[in-house]
Protein chains: 2
Amino acid sequence: MGTTRLEAVQEPKHRHLKTVIGEALDSEFAVGQILPNERELAARFGVARATLRQALEQLTLEGRLQRRRGVGTTVAPPRMGVDVSTSSQDWPGGPGDAWESAGCLLTAPPTAVSIALGTDSDGDEQVHTVRRTLVRHGQPVAAELLYVPQVFAPEGTDVPSATAGAVEVLRALRRLPLDGQDRAVELGSAGADDAKQLDRLPGAPVLVVTTRYVSADRTAAVSVATYRADTCRLTFGD
Amino acid sequence: MGTTRLEAVQEPKHRHLKTVIGEALDSEFAVGQILPNERELAARFGVARATLRQALEQLTLEGRLQRRRGVGTTVAPPRMGVDVSTSSQDWPGGPGDAWESAGCLLTAPPTAVSIALGTDSDGDEQVHTVRRTLVRHGQPVAAELLYVPQVFAPEGTDVPSATAGAVEVLRALRRLPLDGQDRAVELGSAGADDAKQLDRLPGAPVLVVTTRYVSADRTAAVSVATYRADTCRLTFGD
DNA sequence: GAGTGGTCTAGACCACACG
DNA sequence: GTGTGGTCTAGACCACTCA
């Protein structure tokens, strides 16, 4: 990155800067390599630190950089593919499911989930709420909240330990016939809880995958899974 | 939004601000309603404009606000569901396909696409490149580049008009047997061309859907579709 | 304690939309 | 022309990591 100044262009500086740095990443940097710090880079390009940060933030959003406070900015590896295909028709917690249960509570779900579940949408009705995590290459890549009305998993209610409760709820689900599921993907930002599990700051961009599990014409469970948008590419194999 | 000051908290101001404004949106504002301008809001909450903007940017990313220069900040409608299910196994341009062709060129594709196509990955080999747009409710929501090696669509090569060329390439594809497809979704940011078609600024967040069409064990086409992340929720019906 | 990225301020000017 | 969001600056302090 030998460049010292930006040429005069009509394009905003931060956008041009992003292009220049992006090209430098391709040609002059290896994965994992650490970049000069923000103050150094800003000086080198002759811009304010805030302007440089706009460019770095874009590159981070695109998964090309990783930044950690107190450490530095490093070149990110290519995103890993994570299979979320629906064709392996099965309940969560089934065979080949790599998620790890982290706990189970009874809570009143968010209203959007209440509606999907067809439970009392005034938000009073409590449902089983199973927290799970997906780890790949030693790194947490997704956090999930699975909502199951008590009707579908009566056994789980009185279990002492939280993780044992999760196992119990998942087991109850698997005893039901699975008639179908539908799925949606959208952009979101990590809440405080998800952020902690994903080892990111709150507000970090995530891909939110919402799955509705249908059994006998009723919604038996709703899963809201948030995948780290910087490190994941969701794949739908055929 | 009668609030005037933020309480002292340990949480960063911009994050707390985002929460406060987000709650106000739910309770005090209607879809399409216009918010006070940035300077006004910043003054009202007793923060610098840049801090306020961090909060508004987050809410925009989550699809809760729409901002247009020279106009103002308005409350966004809920995201619309866009079906991208792979189960309706068909070539692009088939029946029920709502995309509109916008042009057709011969270009050397990006290296990632070259690799997927199995064409000469030195990037010299030219392929048909069809530009298409998806419009919903009078609003452009996605822009696509469809890459088809000339082997699979020889007829399209010498057509005079660009849009006629697109039709020709799509017609040639439909004559091939479609043996399968796979798909991936990831977060990206709009390039200059996509931004223009999507009526957004370059760098706007998009959901990038990459589809590989397989015919007789060969990749016959690769589609790279970018959906506006602020307005779209991708759905995979079953 | 030194160095990093994260937050925040108080200004300024620009590009764009609209009457 | 007026008002909006978008860009940019030159500082400051904080939270975190690591030697």
Side-chain angles (χ1 to χ4, degrees), chain A residues 5-6 8-19 21 33-61 64-76 189-190 192 195-196 199-205 230, chain B residues 5-6 8-19 21 33-61 64-76 189-190 192 195-196 199-205 230:
Chain A
R5 295 282 150 166
L6 269 53
V9 281
Q10 50 180 0
E11 189 181 43
K13 283 187 185 177
H14 71 85
R15 198 181 308 154
H16 186 228
L17 207 43
K18 179 202 151 194
T19 314
I21 297 177
Q33 192 174 346
I34 192 164
L35 265 63
N37 70 51
E38 297 185 347
R39 292 157 178 90
E40 162 76 23
L41 282 176
R44 211 184 280 192
F45 287 108
V47 299
R49 195 179 151 214
T51 305
L52 176 86
R53 277 180 61 83
Q54 277 190 273
L56 295 188
E57 264 151 33
Q58 275 275 343
L59 289 166
T60 307
L61 198 74
R64 306 197 47 190
L65 291 178
Q66 269 176 338
R67 327 182 66 193
R68 274 181 306 166
R69 172 156 48 180
V71 179
T73 303
T74 56
V75 181
S189 56
K196 191 158 292 185
D199 191 27
R200 300 258 65 196
L201 287 182
D230 56 342
Chain B
R5 296 281 151 166
L6 270 55
V9 281
Q10 50 180 2
E11 189 181 42
K13 283 187 186 178
H14 70 86
R15 196 180 310 153
H16 186 228
L17 208 43
K18 181 202 149 193
T19 313
I21 297 177
Q33 191 173 348
I34 192 163
L35 266 64
N37 69 51
E38 296 184 347
R39 292 158 179 89
E40 162 76 24
L41 282 176
R44 211 185 281 193
F45 287 108
V47 299
R49 196 178 150 215
T51 306
L52 176 85
R53 278 180 61 83
Q54 275 190 274
L56 295 188
E57 264 151 32
Q58 276 274 342
L59 290 166
T60 306
L61 197 77
R64 305 196 50 189
L65 291 178
Q66 266 176 336
R67 326 182 65 194
R68 274 181 305 168
R69 169 156 53 180
V71 180
T73 303
T74 56
V75 181
S189 55
K196 192 158 293 184
D199 190 28
R200 300 257 65 196
L201 287 183
D230 54 344

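Here is how names work: the chains are called A, B, and so on, in the same order as the sequence lines, proteins then strands, and each is numbered from 1.
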From CG of B:L65 over to P of D:dT4, roughly how many Å is that when rounded to an integer? 16 Å
Looking only at side-chain N and O atoms, does A:R67 come under 4.0 Å of OP1 or OP2 in C:dG6? yes
Taking distance alone, no hydrogens or angles, what donor-acceptor pairs closer than 3.5 Å link side-chain atoms of residues 45-53 of chain A to residues at least two apart or in another chain?
residue, atom, partner, partner atom, Å
A:R49, NE, A:E38, OE1, 2.8
A:R49, NH2, A:E38, OE1, 2.9
A:R53, NH1, A:E38, OE1, 3.4
A:R53, NH1, A:E38, OE2, 2.8
A:R53, NH2, A:E57, OE2, 3.4

What's the CG-C1' distance between B:L41 and D:dG5, to the nearest Å? 12 Å
Rounded to the nearest 0.5 angstrom, the NZ-CG distance for B:K18 and B:L56 is 12.0 Å
Using the side-chain contact (heavy atoms from CB on, under 4.5 Å) criterion, which residues pair with B:P205? Sequence neighbours excluded. A:L187, B:L61, B:L187, B:A229
Spacing of B:Q66 atom CD relative to D:dG6 atom P, expressed in whole Å: 12 Å
Which nucleotide in the set C:dG6, D:dT7, D:dG6 lies at the smallest distance from any side-chain heavy atom of A:Q54? D:dT7
Heavy-atom closest pair (A:Q58 atom, B:G203 atom, distance to 0.1 Å) is NE2-O, 3.1 Å
B:T73 side chain N/O closer than 4.0 Å to the phosphate oxygens (OP1, OP2) of D:dG5? yes
To the nearest 0.5 Å, how far apart are CZ in B:R64 and OG1 in B:T74? 13.0 Å
N/O (side chain, B:N37) to phosphate O (OP1/OP2, D:dT4) under 4.0 Å: yes
In whole Å, I'd like the distance from the NZ atom of A:K18 to the P atom of D:dT7. 13 Å
Tell me the interatomic distance from B:I34, atom CD1, to D:dG3, atom C1', rounded to whole angstroms. 10 Å
Within the 4.0 Å limit for protein heavy atoms, which parts of nucleotides 9-19 of chain D are touched? Write it as a string from 5' to 3', B for base, S for sugar-phosphate only, - for none. B--BB-BBB--
What distance separates A:Q33 CD from A:T73 OG1, expressed to the nearest 0.5 Å? 12.5 Å
Atom CG of A:L35 to atom C1' of C:dT4: distance rounded to whole Å? 13 Å
Within the structure provided, determine whether B:L35 and B:V75 are in side-chain contact (heavy-atom separation under 4.5 Å). yes
What is the separation between atom CD on B:E11 and atom P on C:dT7, rounded to the nearest whole Å? 11 Å
Separation of atom CG in B:L201 from atom C1' in C:dC16, rounded to whole Å: 10 Å
